[in-house]
There are 2 protein chains.
Amino acid sequence: MSDESWSPPAVLVAVDLVILTLRSSKLHVLLVERGIEPYRGIQALPGGFLNNDQEDIIAAAHRELDEEANLDGSKLHLEQLGAYGQPDRDPRGRIISVAYLAIAPHLPEPVAGTDAAGAAWRPVAGVLSGRVKLAFDHRKIVTDGVERARSKLEHSALAAAFCAETFTISELQQVYEAVWGVRLDPRNFYRKVQGVPGFIVPADVTRRTTKGRPARLFRSGPQTVLHPPIVRP
Amino acid sequence: MSDESWSPPAVLVAVDLVILTLRSSKLHVLLVERGIEPYRGIQALPGGFLNNDQEDIIAAAHRELDEEANLDGSKLHLEQLGAYGQPDRDPRGRIISVAYLAIAPHLPEPVAGTDAAGAAWRPVAGVLSGRVKLAFDHRKIVTDGVERARSKLEHSALAAAFCAETFTISELQQVYEAVWGVRLDPRNFYRKVQGVPGFIVPADVTRRTTKGRPARLFRSGPQTVLHPPIVRP
DNA sequence: ACAAAAGTGTTCCATTTACACCCATGA
DNA sequence: TCATGGGTGTAAATGGAACACTTTTGT
């Protein structure tokens, strides 16, 4: 404390990404297989170190999103989860990771093309249950990310980030059902969502059709906080 | 990326504390006057650098809580707010700050004795409105901390952390009113709080008295998440 | 015509709100 | 006995859950 020659320790800062999306109505997270030690061959979150000491942390998150997941970060939802800094979390030394939560829309493309070895969408259920082993403290980070997403569906317009630019109300319902892991009544959901001013706005008279009566299309509205909220059952 | 000799940049990591408490039924935050440049003489959050490269971040927060605010960290609520890492946030160079939110009970003691120059409880209203100037990005951090507290009052037992070991229901109500900045009906609040199983439990038949009918005393219950929640009006 | 999904109306029930009222104590 | 805050009862308003029912399309 009173040591004049003392100077604060410098540490390495990494960024890790919890990228969630919906595939066949199930919640998935993007994982990569580690190509180097430690945890070589084990699944891990995409991420990496800051590029230089002038790079903003969220800019590094955007960059990794592009490099490792081939996703245009400027378009999708990205928010900070927090800092993970247990001294022993990385055997290479003191590394503090700032984790981010990203939500990717369900794109028609088959898989995310990436330069990282073996990047793949994995069902979140397998990760949370512990059936999929993760490197470092990444399972804890995924758990926190999923809980954040679950919580934010209630009070924010986050659900729309899982959808394409335009979407039907039942597509939106599938987001809530997949993330929360519950079944919702389509009729009540329909009105509840419509009853939140500014959450979703009608997109033209356009309609899309698969089977049954075509649904109206909507796009994300101006409101980011939901009044009233869509509450979990 | 493909540069073999590249190594990640090391940065300095600091911890900043948003310590909230209630004084005369108003929400206050602990600020210190900076004794050195940059921002000498300006109000700032208590905080400091990691002690060494083995110190856990939350341990550093506990230590600063003790050093700068003379508060026993083991007893009060402490949770991470997030990492603040804009490259230009500190003119001395690249410093990433991990911010924590702490809730201190309203102690009978006059002021928190501290070794930092001019530590004092300041009304949060003055800080949020911009009337009190803060160093670095600390105003943003306080804003985030207060919003976190407001939000967590709804779904968690955080409010009890503002109170002494035992408290009356109307004291608990004052917490909600001060943090949310609203008036609540005492009669409905009384029942609503009692209707959440495990939130508060009766403490003996003991009672305290000032004016009017003495109130029953309660202590914090085992439940940390509130079912049903206490919702903001 | 039928299946399937979209969208509407309505009933029932739990929760919330507003407020009248009673209780226990100090001065 | 009066003022003051603690605590209870209750009726009206609100909002959510459940579900019957109508609409619009493809086959």
Side-chain angles (χ1 to χ4, degrees), chain A residues 22 24-25 106 153-155 159 163-164 166-178 180-197 199-219 226-233, chain B residues 22 24-25 106 153-155 159 163-164 166-178 180 182-197 199-219 225-233:
Chain A
L22 241 59
S24 10
S25 300
H106 180 26
L153 284 195
E154 296 195 289
H155 307 283
C163 300
T166 63
F167 49 86
T168 68
I169 289 187
S170 75
E171 284 168 352
L172 200 61
Q173 182 183 340
Q174 285 174 37
V175 173
Y176 279 88
E177 292 185 332
W180 284 348
V182 297
R183 301 287 296 173
L184 301 173
D185 185 300
R187 288 110 15 136
N188 292 333
F189 182 84
Y190 183 91
R191 274 174 301 205
K192 191 175 286 196
V193 165
Q194 296 256 53
V196 183
F199 182 13
I200 57 174
V201 297
D204 272 340
V205 285
T206 323
R207 0 197 113 192
R208 179 190 309 169
T209 170
T210 50
K211 226 187 306 185
R213 174 175 173 176
R216 283 191 283 171
L217 287 174
F218 295 83
R219 49 170 39 91
L226 271 31
H227 282 301
I230 313 282
V231 287
R232 258 184 276 197
Chain B
L22 241 59
S24 12
S25 301
H106 179 25
L153 284 196
E154 295 195 289
H155 306 283
C163 301
T166 62
F167 49 86
T168 67
I169 290 187
S170 75
E171 283 168 352
L172 199 62
Q173 181 182 341
Q174 285 173 39
V175 173
Y176 279 88
E177 292 186 331
W180 283 349
V182 298
R183 301 287 296 174
L184 301 173
D185 184 302
R187 286 117 9 145
N188 293 333
F189 182 82
Y190 183 92
R191 272 174 302 203
K192 190 175 287 195
V193 165
Q194 296 255 53
V196 182
F199 182 12
I200 57 175
V201 297
D204 273 337
V205 284
T206 322
R207 358 197 114 191
R208 181 189 306 168
T209 170
T210 51
K211 225 188 302 187
R213 173 176 173 175
R216 283 192 282 171
L217 286 175
F218 295 83
R219 49 171 37 90
V225 297
L226 271 33
H227 280 301
I230 313 281
V231 288
R232 261 184 274 198

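Just so it is clear, the values below take in all heavy atoms, side chains as well, and ignore hydrogens, waters and symmetry mates. Proteins get letters first, then strands, A, B, ... in listed order; numbering begins at 1 in each. This one's a predicted model, so the numbers in the text were calculated from it and none came from an experiment.
Every side chain to side chain contact (heavy atoms under 4.5 Å, CB included) that B:P228 has, sequence neighbours left out, goes to B:V196. In this structure A:T166 satisfies the side chain to side chain donor-acceptor pair (under 3.5 Å) test with no other residue, sequence neighbours excluded. Residues meeting the ring pair (Phe, Tyr, Trp, His ring centres under 6.0 Å) test with A:Y176, sequence neighbours left out: A:W180, A:F189.
In this entry the distance linking CD1 of B:I200 with P of D:dG6 reads 13 Å, nearest Å. Residue B:L217 contributes atom CG, which lies 15 Å from atom C1' of D:dG7 at whole-angstrom precision. Here C:dG9 presents its P atom at 13 Å from CD of A:Q194, a figure rounded to the nearest Å. Between B:F189 atom CZ and C:dT15 atom C1' there is a gap of 17 Å when expressed in whole angstrom units. Atom CG in B:L172 sits roughly 15 Å away from atom C1' in D:dG6 (whole-Å rounding).
Rounding to the nearest 0.5 angstrom, the gap separating the CD atom in A:E177 from the OG atom in A:S170 is 9.5 Å. Annotation: the span from A:L217 atom CG to A:E171 atom CD amounts to 7.5 Å, rounded to 0.5 Å.
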Walk me through it: do A:I230 and A:V193 pass the test side-chain contact (heavy atoms from CB on, under 4.5 Å)?
CA-CA 7 Å; A:I230 313 282; A:V193 165; 4.3 Å; yes

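Between B:Y190 and D:dT8, a side-chain N or O to OP1/OP2 separation shorter than 4.0 Å is present. For the OP1/OP2 pair of C:dA6 and a distance below 4.0 Å, the side-chain nitrogens and oxygens of A:R216 include no atom meeting the criterion.
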Could you pull out the protein-nucleic contacts involving nucleotides 24-27 of chain C (nitrogen or oxygen on both sides, under 3.5 Å)?
none

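A:P197 and A:H227 get closest at one heavy-atom pair: CD-O, 3.2 Å. Pairing each heavy atom of B:Y190 with each of B:R216, the nearest pair is OH-NH2, 2.8 Å.
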Could you encode protein contacts along nucleotides 9-19 of chain D as a string, one character per nucleotide from 5' to 3', using B for base contact, S for sugar-phosphate-only contact and - for no contact, with a heavy-atom cut-off of under 4.0 Å?
BB------BBB

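Within 4.0 Å of A:S170, counting heavy atoms only, lie sugar-phosphate atoms of the nucleic acid but no base atom.
Here salt bridge (Lys or Arg N to Asp or Glu O under 4.0 Å) pairs that include residues 186-196 of chain B, with residues two or more places apart or in two chains, are B:D185-B:R187.
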